[in-house]
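This is a predicted model, so every value here is computed, not measured. Quick note: residue numbers are just sequence positions, from 1.
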Amino acid sequence: MFVWEVVVNYNAKINLAMVHSFCGNIELAKEVLDVRWMLMYIPVYLFGIWDSYRTSVDMNKMYLLAHRENAPFNSFSIGALEVNYLDKRNPMMSILWSLFMPGLGQLHIHRILSAFFSLVWTILFLYYSKVLIAVHFLFIGDIPQSTAVLDKQWLLFMPSMWGFALYDSYVNTVENNRLFEKEQKNYLIQNFQSPQFKIKNKKAVDPT
């Protein structure tokens, strides 16, 4: 879905049209749009909205069932690519690493596939948008050349990439912390709490 969105967006010149519309050049924005590709963008966009909503609702239902049944989950795994385990981490560190480079926040919490996905696409966007060349000209004080060298069509992919990386790394860090606390709680109950242990409700005492 992500690859298809990038392909359709690029060929339809939607990002370039957005730049022209932001600058007030509405007629130029209309000219650069490729209608053959643009109309294919609409069903992809609508399907993405519908699919994300449907998946969120289903996942919330599965969470409620798992929570009520106290379903077990794997807290430690060793694979060919990684050693993954539940650990409590600071969500702000995930945000900080994602600000430096999308994918580093996911690496911080051992989400290797998400990290690889974010890093690869960020490198592609940086390369084709020529952001690093623009930064070079900016450092030497050549601002007009810095602006001219940018490929605006690829440049506008980057805010969404950074936004996704920030949100995904933060949310998953918070959720991993919740799983860690739940796993720790279950371990302490199973190994150290007596089966006869019960919390008695204290009756309210009338001070009068």
Side-chain angles (χ1 to χ4, degrees), residues 1-10 15 41 44-45 47-67 69-133 135 151 153-188 190-191:
M1 177 64 72
F2 184 87
V3 175
W4 178 245
E5 192 275 338
V6 171
V7 170
V8 174
N9 190 311
Y10 179 80
N15 286 346
Y41 190 79
V44 174
Y45 196 80
F47 176 80
I49 295 174
W50 172 79
D51 186 61
S52 61
Y53 173 79
R54 176 189 60 83
T55 305
S56 297
V57 172
D58 289 343
M59 289 181 67
N60 287 340
K61 292 178 181 178
M62 295 299 295
Y63 166 79
L64 290 174
L65 288 174
H67 181 69
E69 297 175 1
N70 196 24
F73 52 89
N74 190 14
S75 60
F76 183 86
S77 65
I78 299 178
L81 297 177
E82 60 176 338
V83 176
N84 206 344
Y85 54 90
L86 274 180
D87 192 12
K88 201 164 188 178
R89 292 180 172 87
N90 188 350
M92 298 309 297
M93 287 301 299
S94 296
I95 291 179
L96 184 62
W97 283 116
S98 294
L99 283 173
F100 283 124
M101 185 76 169
L104 296 184
Q106 281 82 359
L107 278 177
H108 174 61
I109 56 174
H110 293 184
R111 289 177 59 86
I112 303 300
L113 290 179
S114 296
F116 178 77
F117 172 86
S118 301
L119 281 170
V120 168
W121 280 102
T122 302
I123 291 170
L124 286 174
F125 293 153
L126 285 171
Y127 179 80
Y128 286 107
S129 64
K130 301 178 182 177
V131 168
L132 300 182
I133 300 176
V135 170
D151 188 321
Q153 179 64 24
W154 286 96
L155 180 66
L156 282 194
F157 284 122
M158 295 176 63
S160 58
M161 192 71 249
W162 248 271
F164 163 77
L166 288 168
Y167 173 80
D168 182 71
S169 62
Y170 174 79
V171 168
N172 281 289
T173 304
V174 172
E175 293 303 318
N176 282 355
N177 288 345
R178 291 178 62 184
L179 287 176
F180 174 82
E181 291 172 356
K182 185 174 180 64
E183 193 270 343
Q184 190 177 50
K185 173 185 172 183
N186 290 337
Y187 177 82
L188 293 174
Q190 293 171 8
N191 292 277

Closest approach of Thr55 and Asp51, non-hydrogen atoms and distance? OG1-O, 2.7 Å
Side-chain contact, heavy-atom cut-off 4.5 Å: Gln106 with Asn172? no
Here the gap from Gln184 atom CD to Asn177 atom CG, rounded to the nearest 0.5 Å, amounts to 11.0 Å
Please evaluate residues Glu5 and Tyr45 with respect to the criterion side chain to side chain donor-acceptor pair (under 3.5 Å), reporting the C-alpha separation (whole Å), side-chain torsions for both, the decisive distance (0.1 Å), and the verdict. CA-CA 8 Å; Glu5 192 275 338; Tyr45 196 80; over 6 Å; no
Taking OH in Tyr41 as the centre, count heavy atoms belonging to other residues, nucleotides or ligands within less than 6.0 Å. Is the count above 12? yes
Atom pair CG/CG of Asn191 and Asn186 - distance to nearest 0.5 Å: 10.5 Å
Restricting to non-hydrogen atoms, name the atom on Ala165 and the atom on Gly103 that form the minimum distance, rounded to 0.1 Å. CB-N, 4.3 Å
Using the side-chain contact (heavy atoms from CB on, under 4.5 Å) rule, take Val171 and Val174 through it: C-alpha gap first, then chi angles, then the decisive distance, then the call. CA-CA 5 Å; Val171 168; Val174 172; 5.9 Å; no
What orientation do Phe47 and Trp50 show, parallel under 30°, tilted 30 to 60°, or perpendicular over 60°? tilted
Going from CD on Glu175 to OG1 on Thr173, what distance comes out if it is rounded to the nearest 0.5 angstrom? 10.0 Å
Using a 4.5 Å cut-off on heavy atoms from C-beta on, say whether the side chain of Leu166 contacts that of Tyr170. no
Sequence neighbours excluded, every pair satisfying salt bridge (Lys or Arg N to Asp or Glu O under 4.0 Å) that has a member inside residues 84-99: Lys88-Glu181
Inter-residue atom distance Ile133.CD1 - Asp151.CG, 0.5 Å rounding: 10.5 Å
Any heavy-atom pair between the side chains of Val6 and Val3 that's under 4.5 Å? no
Could you list the donor-acceptor pairs under 3.5 angstrom formed between side-chain atoms of residues 113-128 and any protein atom two or more places apart in sequence or on another chain?
| residue | atom | partner | partner atom | Å |
| --- | --- | --- | --- | --- |
| Ser114 | OG | Arg111 | NH2 | 3.4 |
| Ser118 | OG | Ser114 | O | 3.0 |
| Thr122 | OG1 | Ser118 | O | 2.6 |

Under 3.5 Å, sequence neighbours excluded: what are the donor-acceptor pairs made by side chains of residues 154-164?
| residue | atom | partner | partner atom | Å |
| --- | --- | --- | --- | --- |
| Ser160 | OG | Phe157 | O | 2.7 |
| Trp162 | NE1 | Ser98 | O | 3.3 |
| Trp162 | NE1 | Leu99 | O | 3.1 |

Interatomic distance, NZ@Lys182 vs CG@Leu179, rounded to 0.5 Å, equals 8.5 Å
